[in-house]
Amino acid sequence: MAPPLTTRALCAAARLGVPRSPRSAPATAPRGASPLPAAGSGARQELPPPPPPPPWGAERDPPPAVDFGDTREAFRSKSSAELLRGLVVLGLCAVGPLVEHNRELLRLCQRVLGRALFERLMKMTFYGQFVAGEDQEAIRPLIRRNRAFGVGAVLDYSVEEDLSAEEAERQELESCTSAAEKEMGGAEQREKQYRAHPGFGDRRGGVISARTYFYADEAKCDQHMETFLRCIDASSGSSEDGFSAIKLTALGRPQFLLQFSEVLVKWRRFFHQMAAEQGQAGRAALEMRLEAEKLREALANLGIATKAETQRWFTGENVGISGTVDLLDWNSLIDSRTKLSKLLLVPNMQTGQLEPLLSRFTEEEDLQMKRMLQRMDVLAKRATEAGVRLMVDAEQSYFQPAISRLTLEMQRRFNRDRAIIFNTYQCYLKEAYDNVTVDVELSRREGWHFGTKLVRGAYMDQERERAAQIGYEDPINPTYEKTNEMYHRCLDYILEEIKHSRKANVMVASHNEDTVKFTLRRMMELGIHPSEKKVYFGQLLGMCDQITFPLGQAGFPVYKYVPYGPVQEVLPYLSRRAQENRGFMERANRERDLLWREVKRRLLASTFFSSNH
């Protein structure tokens with residue numbers, strides 16, 4: 001058996017032996033707050049902010065106004081046949097019975113028509129609407145055409161295994177349980193949220209807008225890595241400023257993400273409990289500041305470390321002259337150079353006891369974990385060499401703390417000069433704002449470029465049902481309105497940071513026209529010009545062209561998520577697109593109305609059959 005694996009080892013492995021640049025003081029202090037001491041660098045130095053960019057209308061002209069109701073501009077890139085296809089496909093997506101039984105209907109059509117005729121029909125309808133082509137060569141014409149209208153590409157190879165629900169659950173339960181737990185039990189001692197449960201092994205249930213990977217073996221993970229590498233190369237070869245999307249569950253055994261997530265969450269929870277004992281309950285995450293002396297006493301009483309040991313942790317390079325510890329100082333202990341071997345145990349504030357968190361790993365499990373981190377490193381290096389931004393997609397809340405932390409480690413290494421690695425924040429999570437503000441502050445303290453994609457979230461129904469049935473707190477905001485508020489709050493914070501330092505970057509991944517208008521208004525108010533390429537917009541291929549193309553033609557950096565892959569292998573993706581469009585079309589008929597308006601305009605202008613629209 002291998003020795004216990006600590007969280008420090010996880011993060012050290014994530015760095016794969018590459019020394020981290022020393023922490024440096026940021027250029028400026030947080031907005032609206034007194035300067036915070038930098039983790040590992042003593043008191044923060046207050047330096048003058050960078051000079052603001054010239055206002056719109058000075059050296060730079062303001063971009064043209066964006067009109068999302070101008071159908072001629074919105075659909076200039078579309079042929080009349082493509083307009084009709086869009087009307088048919090989006091119309092069918094609004095028919096409930098068709099969408100509910102779409103998988104069965106697709107199989108029936110294939111049996112009746114035969115493979116060749118079925119694939120031709122799909123390319124004329126659903127596949128043609130939502131997928132760019134079968135391979136890297138086939139997608140080039142669409143990418144070039146979109147580029148001509150100011151629209152970039154986020155390439156996403158959307159092939160999935162078409163597993164049965166039973167096989168998916170079997171693979172998930174197998175890959176989320178350690179060998180020690182299988183042999184001796186003990187999985188029930190872990191928190192409910194961070195262990196696999198029968199009935200929720202098939203993570204595709206209730207998910208309509210994200211592809212899902214299940215762990216089969218290490219060879220399969222290597223295949224996924226090679227696929228991502230080809231996608232990065234395709235993005236580099238097809239555009240100068242492209243993105244490529246990856247998922248960490250495709251790169252290794254999900255057991256490690258579950259266990260590492262539990263480590264991070266329990267230590268963060270301990271910090272919040274200590275803050276509450278010091279009378280700071282209810283404060284925002286970055287406003288909580290523990291008195292170092294009281295924290296040392298608590299850690300000694302719990303048996304985590306002696307006061308002599310903690311004296312070294314919380315003085316000098318770890319804590320500033322204020323004598324307090326904030327959440328970033330606390331987080332830095334998990335992977336600092338201090339030998340915190342006892343991080344294998346976490347404190348239980350109710351019992352006053354230390355509890356084991358990670359079981360012992362076998363040699364094979366240890367190798368599997370290291371291979372997962374090595375695959376991440378290979379992808380990040382290839383993206384850096386190719387000049388492609390790498391977007392790490394968000395996943396379920398019980399994986400996400402580990403995914404975000406490992407992505408953060410990549411950002412610390414690869415985002416020194418520009419934003420190459422982009423993390424994803426799901427704004428339907430109650431903790432989204434705290435997560436964004438803490439990570440922005442860390443980037444500010446250490447001097448690297450913050451890159452993020454903001455989404456509302458793809459797993460809401462599944463997350464709520466899982467929390468209710470298993471019995472833990474629902475991590476999702478209670479209403480759609482609250483999620484909108486959270487999205488705009490997080491977005492506004494990042495836009496303020498862009499104005500403040502010019503070292504933050506955000507992709508507004510949204511089909512919500514009001515959110516896009518909010519972003520444009522705040523960019524103008526804050527003096528953020530689209531030519532700076534700090535704020536990007538993103539929509540899925542085949543959806544919301546009335547948002548994407550007017551933005552692109554007005555000079556704003558905007559991207560389509562461009563799926564590609566063979567017809568037979570992207571059918572699961574197409575099934576979800578139909579389901580997502582059903583919900584979208586039930587909420588609003590605006591896109592279909594605009595398509596009809598443009599068809600009628602071309603007919604009346606006698607340009608319907610012309611290439612000049």
Side-chain angles (χ1 to χ4, degrees), residues 6-8 10-11 39 187-195 256-292 294-305 310 313-314 318 324-336 340 342-359 396-406 408 425-426 428-439 441-442 463 466-467 470-477 486:
T6 65
T7 51
R8 178 175 174 271
L10 276 165
C11 285
E188 67 280 354
Q189 295 177 9
R190 287 164 53 192
E191 288 204 9
K192 294 177 180 178
Q193 185 173 358
Y194 299 101
R195 61 178 192 252
F256 309 122
L257 297 177
L258 279 176
Q259 291 177 318
F260 193 26
S261 289
E262 192 171 0
V263 170
L264 297 168
V265 167
K266 283 194 171 181
W267 275 92
R268 183 163 178 167
R269 186 183 302 154
F270 176 63
F271 178 87
H272 283 281
Q273 289 172 326
M274 292 296 299
E277 288 194 356
Q278 294 189 20
Q280 300 183 46
R283 291 190 184 180
L286 279 178
E287 294 176 0
M288 294 181 178
R289 308 192 56 76
L290 305 184
E291 294 181 31
K294 290 183 179 179
L295 181 56
R296 284 196 290 269
E297 289 178 6
L299 294 174
N301 292 338
L302 287 167
I304 295 174
T310 58
W313 301 349
F314 298 124
N318 292 104
T324 60
V325 178
D326 70 6
L327 184 58
L328 291 180
D329 300 321
W330 178 251
N331 285 345
S332 72
L333 295 177
I334 293 180
D335 65 331
S336 70
L340 297 187
K342 292 181 181 178
L343 277 175
L344 191 60
L345 304 174
V346 293
N348 185 317
M349 294 291 287
Q350 280 70 46
T351 65
Q353 301 294 316
L354 290 173
E355 299 175 346
L357 188 63
L358 295 181
S359 56
Q396 283 86 353
S397 63
Y398 42 90
F399 293 138
Q400 194 55 41
I403 291 170
S404 288
R405 181 56 179 264
L406 295 175
L408 196 70
Y425 295 87
Q426 298 163 303
Y428 65 12
L429 294 176
K430 295 173 183 176
E431 61 183 20
Y433 183 75
D434 279 351
N435 292 338
V436 168
T437 56
V438 166
D439 291 351
E441 172 62 15
L442 181 65
E463 292 271 16
R466 189 177 190 267
I470 294 172
Y472 58 86
E473 182 183 353
D474 185 354
I476 307 297
N477 286 316
M486 180 68 78

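With hydrogens and angles ignored, the 3.5 Å screen pairs a side-chain donor or acceptor of Asn477 with a backbone N or O of Tyr428. When atom types are taken as modelled, the side chain of Gln280 and the backbone of Arg289 share a donor-acceptor pair closer than 3.5 angstrom.
Smallest separation of non-hydrogen atoms from Leu258 and Phe399: CG-CE2, 3.6 Å. Nearest heavy atom pair, residue Ser397 against residue Pro475, reads OG-CG, 3.8 Å. Nearest approach of Ala285 to Val438, heavy atoms of both residues: CB-CG2, 4.0 Å. Between Leu295 and Met274, the shortest heavy-atom distance links the atoms CD1-CE, 4.0 Å. Considering all non-hydrogen atoms of both residues, Met288 and Gly282 come closest at CE-N, 4.4 Å. Closest non-hydrogen pair, Asp439 versus Tyr425, comes out as OD2-OH, 2.6 Å.
For the atom pair OH of Tyr398 and CD1 of Ile470, the computed distance is 8.0 Å after rounding to the nearest 0.5 Å. Summarising the geometry, atom NE2 belonging to His272 is positioned 10.0 Å from atom CZ belonging to Arg269; distances are rounded to the nearest 0.5 Å. Separation of atoms CD (Glu287) and CG (Leu327) is listed at 12.5 Å; rounding is to 0.5 Å. Of the inter-residue distances, the one linking Ile476 atom CD1 with Lys430 atom NZ reads 8.5 Å to the nearest 0.5 angstrom. Atom OG of Ser404 is separated from atom CD of Gln426 by 8.0 Å, given to the nearest 0.5 angstrom.
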| request: I would like to know whether Ile403 and Gln400 meet side-chain contact (heavy atoms from CB on, under 4.5 Å); could you show each step before the answer? | output: CA-CA 5 Å; Ile403 291 170; Gln400 194 55 41; 3.8 Å; yes

| Taking it one step at a time, do Val265 and Glu431 satisfy side-chain contact (heavy atoms from CB on, under 4.5 Å)? | CA-CA 12 Å; Val265 167; Glu431 61 183 20; over 6 Å; no

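Ionic pairing of Glu277 and Lys294 is not present here: no N-O contact between side-chain nitrogen and carboxylate oxygen is shorter than 4.0 angstrom.
By the 4.5 Å heavy-atom criterion applied to side chains, Asp434 and Arg268 are counted as neighbours.
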